[in-house]
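To keep things clear, I will list the structure first and then write my remarks on it.
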Amino acid sequence: MRIPILKLHNYLLISIQTEIDDQTAIKFQEDLLAKIHKTGATGVVIDLTSVDIIDSFIAKVLGDVVSMSDLMGARVVLTGIQPAVAMTLIDLGIHLQNVPTALDLEQGLVKLHQELGG
Amino acid sequence: MNPRSCVNIHKEWDIVGARQLGREMAKEIGFGTVDQARIATAVSELARNIYLYAENGQICFEYIYTNSQKGILMTAVDTGPGIKDISSVMQDGYTTSGGLGAGLPGVKRLMDDFDIESTVGEGTKIKAIKWIR
Amino acid sequence: MDENLKELIINNSDSIVDNWMDEVGRIKAGNYTASISDELYENTNREFVNVIFTSIQNEGSSKVVEEFSEKIINLGWPLSYITDGLQIFRRVTIDFLLAQADQVDSNHFSNVLTSVDEWIEPLIRQLVNEYSGSWENILSLQRVALQELSAPLIPVMERITVMPLIGTIDTDRAKLIMENLLEGTIKHNSEVVLIDITGVPVVDTMVAHHIIQAAEAVRLIGSTCILVGIRPEIAQTIVNIGIDLSKFPTRSTLEKGFTKALEITEREVVDLHVKNQGIEDIMHSLKGE
């Protein structure tokens, strides 16, 4: 199973709709980095509205993908993390300290726009 | 009244299967969405531990009732290498797999009661209970 | 149950009641019921002893007992009134029965004790149950009321929400606060949430920990949390016990926090000139007169 990555001008948009298993997560990480490399995108929004569980492994993959994209010059914003998911992450002791967040896709785009000074 | 459902953990996809069952059963007995997520996440962590370190194991769920409370009990059993030093794996940030090291202490925080037994060379048994608030 | 003894009591109810009334009347002074008027006290006593006798006669008529306990509970009389009353009844009755007998051997003695206990026990059980039932009821109502008060979330302006916290925060409440906070943030689409701790009496490591976790969860869902209402003594304790709040914006008052919230959402409050103009006009016209 592959997670589709959409391109919109300089941005890449991803909406994760499925239950993510470890393979899908790792595949997604590779796909996204390849896509950033190919398109030269400067901003990425990953929308997690439909994701109802993030365990420590998925959290690690997401955190890593943010750092890796940063290295490649693309700023990533995570959007739509559900309250239940946020509370679970806090209980797990995962704070994703350096990961920018926004309430929804729209505000994620606004945030990217502001940060990239576009 | 009190069925016990189990999932065997051999493949990576079994992690997903286990947490789906855990969530389903938590929902059935009346947990709210937040606690469902907590339980499903805890299952995911335990199942991943089995998959990563023991390769073979099983996670079982059952409902438990006391006079004043009801809840769900999950038992994760494996026949893997066992854990040498339990107190170190219960520390935040301890990891041998390159993960976030949130695994077992995280599960303990997600659940209400947590109990671990392990014998080197024989395997590990973890019991965790979540009560309905 | 010994029918002879029962008959003996029923037939001599007047003298037992008199003795009982005497004794119960005497404990009134040293009791919580001291403030109750003598008339009401005596009437209630009489009703009480009637209930006891009815119950003995019918061998546990729960209906009368229920009505009586309901009345006492509504009057707000303490449970000890009931237990004292029944203790006294037991003593008075035993005294009476033993005094009636020509000779008291151990058989008769134990017979009397057992019979009286058999009459009194179900009464005590039922009355205490009624009482504790009413307490449990009150307790659960209060728990619900408390939960409703526990973590209100107020949308004050588009994209800005306030959660005022009052009272002690324990683990259960912290969970509730976190849930309301996050659900509300999503529901009102708030970019900024102000947590006002003016009403939290003590901020120790535990409370601070809960608040920090709530603030971090708010950040995860994509909003910003501002902690306001930090009084000087709270600022002191927070620093003294080494809690790091530097990751979140904090302000001393809700007012200042709100200004910061406006700044984050890129808005500001503008005085409407018209109003001042109006006052100036008035002043001017006054001078002119």
Side-chain angles (χ1 to χ4, degrees), chain A residues 1-3 16-31 33 46-68 70-71 76 78-99 101 103, chain B residues 9-24 26-27 31-53 59 89-112 114 128 130 133:
Chain A
M1 195 182 313
R2 269 195 140 103
I3 296 166
I16 299 181
Q17 303 279 352
T18 53
E19 173 100 42
I20 327 166
D21 69 307
D22 300 8
Q23 277 312 313
T24 315
I26 290 167
K27 190 85 200 124
F28 165 68
Q29 192 177 72
E30 287 168 7
D31 285 355
L33 296 178
I46 303 177
D47 185 63
L48 301 166
T49 311
S50 321
V51 173
D52 52 14
I53 179 172
I54 295 181
D55 63 8
S56 61
F57 182 82
I58 307 290
K60 167 128 170 71
V61 173
L62 285 172
D64 286 352
V65 99
V66 172
S67 311
M68 292 167 182
D70 240 3
L71 283 175
V76 183
L78 299 186
T79 63
I81 295 180
Q82 292 300 302
V85 173
M87 276 182 254
T88 313
L89 286 174
I90 297 294
D91 279 349
L92 279 172
I94 298 168
H95 298 144
L96 295 173
Q97 216 71 257
N98 304 313
V99 178
T101 54
L103 283 172
Chain B
I9 312 288
H10 307 293
K11 310 183 296 290
E12 209 186 302
W13 253 98
D14 294 332
I15 301 174
V16 177
R19 68 189 184 213
Q20 276 168 351
L21 178 66
R23 179 188 285 272
E24 210 48 52
K27 190 176 177 180
F31 280 102
T33 49
V34 177
D35 280 340
Q36 283 173 36
R38 287 198 172 101
I39 291 164
T41 310
V43 176
S44 194
E45 299 293 336
L46 293 179
R48 176 166 291 102
N49 279 347
I50 293 177
Y51 171 73
L52 285 179
Y53 302 112
I59 294 187
V89 298
M90 291 310 293
Q91 269 166 27
D92 271 316
Y94 180 88
T95 170
T96 56
S97 65
L100 286 167
L104 289 181
V107 172
K108 192 176 177 184
R109 277 194 296 268
L110 289 168
M111 304 292 282
D112 293 323
F114 182 91
K130 187 90 190 160
R133 263 188 280 155

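Predicted, not measured: the structure shown is a model, and the values here were computed from it. Proteins come first, then strands; the chains are lettered A, B, ... in the order of their sequence lines, and each starts at number 1.
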>> Which atoms of A:Q82 are under 4.5 Å from chain B, going by heavy atoms: the side chain, the backbone, both sets, or neither?
In response: neither
> So which heavy atom on A:I54 is nearest to which on B:T41, and how close?
Replying inline: O-CG2, 3.8 Å
> Atom CG in A:D91, atom NZ in B:K108: separation rounded to 0.5 Å?
Replying inline: 13.5 Å
>> Does any backbone or side-chain atom of B:Q20 lie under 4.5 Å from a heavy atom of chain A? Answer side chain, backbone, both or neither.
In response: side chain
> Just how far is it from atom OG of A:S56 to atom CG of B:L104, taken to the nearest 0.5 Å?
Replying inline: 9.5 Å
>> Do B:Q36 and A:D52 make a side-chain contact, defined as non-hydrogen atoms from C-beta onward lying under 4.5 Å apart?
In response: no
>> If the test is side-chain contact (heavy atoms from CB on, under 4.5 Å), which one of A:I53, A:T24, A:D21 qualifies with B:V16?
In response: A:D21
>> Tell me which of these, A:T88, A:V61, A:I58, has more heavy-atom pairs under 4.5 Å with chain B than the rest.
In response: A:T88
> How long is the span from the CG atom in A:L92 to the CZ atom in B:R109, to the nearest 0.5 Å?
Replying inline: 7.5 Å
>> For A:D55, is there any backbone N or O sitting under 3.5 Å from a side-chain donor or acceptor partner on B:E45?
In response: no
> Where does B:R48 contact chain A at under 4.5 Å (heavy atoms): side chain, backbone, both or neither?
Replying inline: side chain
> Is the backbone N or O of A:D22 less than 3.5 Å from a side-chain atom of B:E12, with the two atoms forming a donor-acceptor pair by type?
Replying inline: yes
>> Once rounded to the nearest 0.5 Å, what's the spacing between atom CD of A:Q23 and atom NZ of B:K11?
In response: 13.5 Å
> Is it the side chain or the backbone of A:L89 that comes within 4.5 Å of chain B heavy atoms, both, or neither?
Replying inline: neither
